[in-house]
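One structure below.
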Amino acid sequence: MNTNSNTYTVIYSIILVVVVAAVLAFAAMFLKPTQDANVKKDTIGQILTAGTFANVADADILETYKAEIESAILVNLEGEKVGELDIEDCEVYGTADLKKQIAAEQKQLPVYIFKNGITVVPCYGAGLWGPIWGYVGLEKDLKTIKAVRFGHKGETPGLGAKISDEPSFSEAFVAKTIGEGEILFEVAKPANRQTENNGVDAISGATITSQALGKTLNMWFGFYQNYFAKNASVEVVDALINATGELEPVTEVEPVNTVEE
């Protein structure tokens, strides 16, 4: 065959493309289990941080999770248990699973309950440039925030990315509480904040990302509101009743989808 002909060039290009595509497809299939395992480990690491198990060595993340978790369950909007996650297999809900629950009519929302008394719930929504998510650790009253861990995909470094990179932002959530009514939690500029105990200041220069995070938290706390009401520590509920004489019923909040379709 004439190596200088157009036919030879076309055939050679086709063979080269097919071979390269086959190699890449094989590599992707071969590496997928490892990639999935790393994503799961990263997710569990974020859940552990929200559960106050911070700075766990990468090699110890899975064993620490299995040793410290008491139960991992799925609940619906009524706050009822509808399933369980396999602890031995370290089964958790990743970001793709959380995104599906926003639009699902019959929601199955994950709840991670640790032996130290901390309950961790997730959130997922839309930031400025891509999805944002997080895990919130709550005290036994299922109202007071103990620790948080947020993540993002595509937010601007030094600005919106600070929701996960800036320790002082995460620390601002500690001891804050989930409110009642329409605003369960908000992240906004100090001048625009309508709440005190159930909100934190937005990050300077990253107002849009901050507000998106606040809307995301407000939506997901609304999803879990009935679970919180039904499962708050008996001791805490008794203390509230003794202090006020009565326990006001939970006001249902209509969640707003903050995820861009």
Side-chain angles (χ1 to χ4, degrees), residues 46-47 49-52 54 98 102 109 111 118-129 131-152 155-156 158-229 231-233 236 240 243-244 247-260:
Q46 295 179 55
I47 294 172
T49 298
T52 69
L98 297 177
I102 294 176
L109 308 164
V111 178
I118 303 299
T119 295
V120 175
V121 295
C123 66
Y124 180 94
L128 177 59
W129 301 113
I132 55 178
W133 60 87
Y135 296 91
V136 181
L138 300 170
E139 300 271 16
K140 291 182 179 180
D141 62 359
L142 297 181
K143 184 181 182 72
T144 305
I145 297 175
K146 184 68 175 179
V148 298
R149 181 69 172 93
F150 300 117
H152 68 90
E155 297 306 295
T156 307
L159 295 175
K162 285 186 176 181
I163 63 171
S164 61
D165 300 339
E166 184 61 51
S168 62
F169 181 67
S170 296
E171 292 167 0
F173 286 80
V174 178
K176 295 293 185 177
T177 59
I178 299 174
E180 298 178 355
E182 293 184 4
I183 302 178
L184 301 178
F185 204 89
E186 66 175 338
V187 182
K189 292 181 178 180
N192 298 333
R193 285 262 305 279
Q194 301 180 53
T195 61
E196 182 58 35
N197 291 329
N198 55 308
V200 300
D201 293 343
I203 298 171
S204 179
T207 305
I208 296 178
T209 301
S210 299
Q211 291 177 338
L213 178 61
K215 291 178 180 178
T216 297
L217 287 168
N218 192 67
M219 176 177 67
W220 282 79
F221 287 157
F223 290 163
Y224 285 103
Q225 196 170 27
N226 285 321
Y227 174 82
F228 294 158
N231 293 276
S233 170
V236 174
L240 289 173
T244 64
L247 186 63
E248 296 184 359
V250 175
T251 302
E252 292 189 3
V253 175
E254 183 68 25
V256 178
N257 190 343
T258 65
V259 176
E260 298 174 349

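Just so it is clear, the model here is predicted, and its values are computed rather than measured. Numbers for residues simply follow the sequence, beginning at 1.
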task: Look up atom CG in L98 and atom OH in Y135, then write down how far apart they are to the nearest 0.5 Å.
output: 5.0 Å

message: To the closest 0.5 Å, what do you measure between CE (M219) and CD1 (I102)?
response: 4.0 Å

- request: Mind listing the closest non-hydrogen atom pair of A212 and G127 along with its distance?
  value: CB-CA, 4.1 Å

statement: The residue among T144, V120, I178, I118 that forms side-chain contact (heavy atoms from CB on, under 4.5 Å) with L138 is I178

- request: Examine distances only and state if a side-chain atom of W220 and a backbone atom of Y124 form a donor-acceptor pair shorter than 3.5 Å.
  value: yes

field: Non-hydrogen side-chain atoms of F228 and T119 separated by less than 4.5 Å
entry: no

field: Over all atoms of both residues, closest heavy-atom pair of A232 and D141
entry: CB-O, 3.5 Å

field: Spatial distance of atom CD1 (I163) from atom CZ (R149) [nearest 0.5 Å]
entry: 9.5 Å

- prompt: Step by step, would you call W129 with T156 a side-chain contact (heavy atoms from CB on, under 4.5 Å)?
  reply: CA-CA 8 Å; W129 301 113; T156 307; 3.2 Å; yes

message: With a 3.5 Å distance limit and no angle check, can you tell me whether S210 reaches the backbone of I203 through a side-chain donor-acceptor pair?
response: yes

message: Quick one, K143 and E180 - any side-chain contact, counting heavy atoms below 4.5 Å?
response: yes

statement: Test side-chain contact (heavy atoms from CB on, under 4.5 Å), reference F150, set I132, D165, L217, output is L217

task: Provide the closest heavy-atom pair for A188 versus R193 in the form atom of the first, atom of the second, distance.
output: O-CG, 3.7 Å

field: Residue pair V187 / F169, side-chain heavy-atom distance below 4.5 Å
entry: yes

- prompt: With distance as the sole test, does K176 use its side chain to make a donor-acceptor pair with the main-chain N or O of E196 at under 3.5 Å?
  reply: yes

task: Start with the C-alpha distance between V121 and L109, add both sets of side-chain angles, then the distance that settles side-chain contact (heavy atoms from CB on, under 4.5 Å), and finish with yes or no.
output: CA-CA 8 Å; V121 295; L109 308 164; over 6 Å; no

Heavy-atom side-chain proximity of S204 to K189 below 4.5 angstrom: no

message: Minimum heavy-atom separation for A206 and G160, please, with both atom names.
response: CB-N, 3.6 Å

- line: Taken to the nearest 0.5 Å, the spacing of L142 CG from Q225 CD works out to 12.0 Å

- prompt: Roughly how far, to the nearest 0.5 Å, is OG1 of T52 from CD of E139?
  reply: 9.0 Å

task: With the side chain counted from C-beta on, respond yes when F173 and V136 share a heavy-atom pair under 4.5 Å apart, and no when they do not.
output: no

Close side-chain approach of Y224 to P122, heavy-atom, < 4.5 Å: yes

query: Are F185 and V200 side-chain neighbours, meaning at least one heavy-atom pair lies under 4.5 Å?
result: yes

- prompt: Distance from F223 atom CZ to C123 atom SG, nearest 0.5 Å?
  reply: 11.0 Å

task: Can you establish whether the number of heavy atoms outside L159 located under 6.0 Å from its atom CG is more than 12?
output: yes

query: Applying the side chain to side chain donor-acceptor pair (under 3.5 Å) test to E186, which of T195, N218, N198 qualifies?
result: T195

Donor-acceptor contact below 3.5 Å, side chain E155 vs main chain T209: no

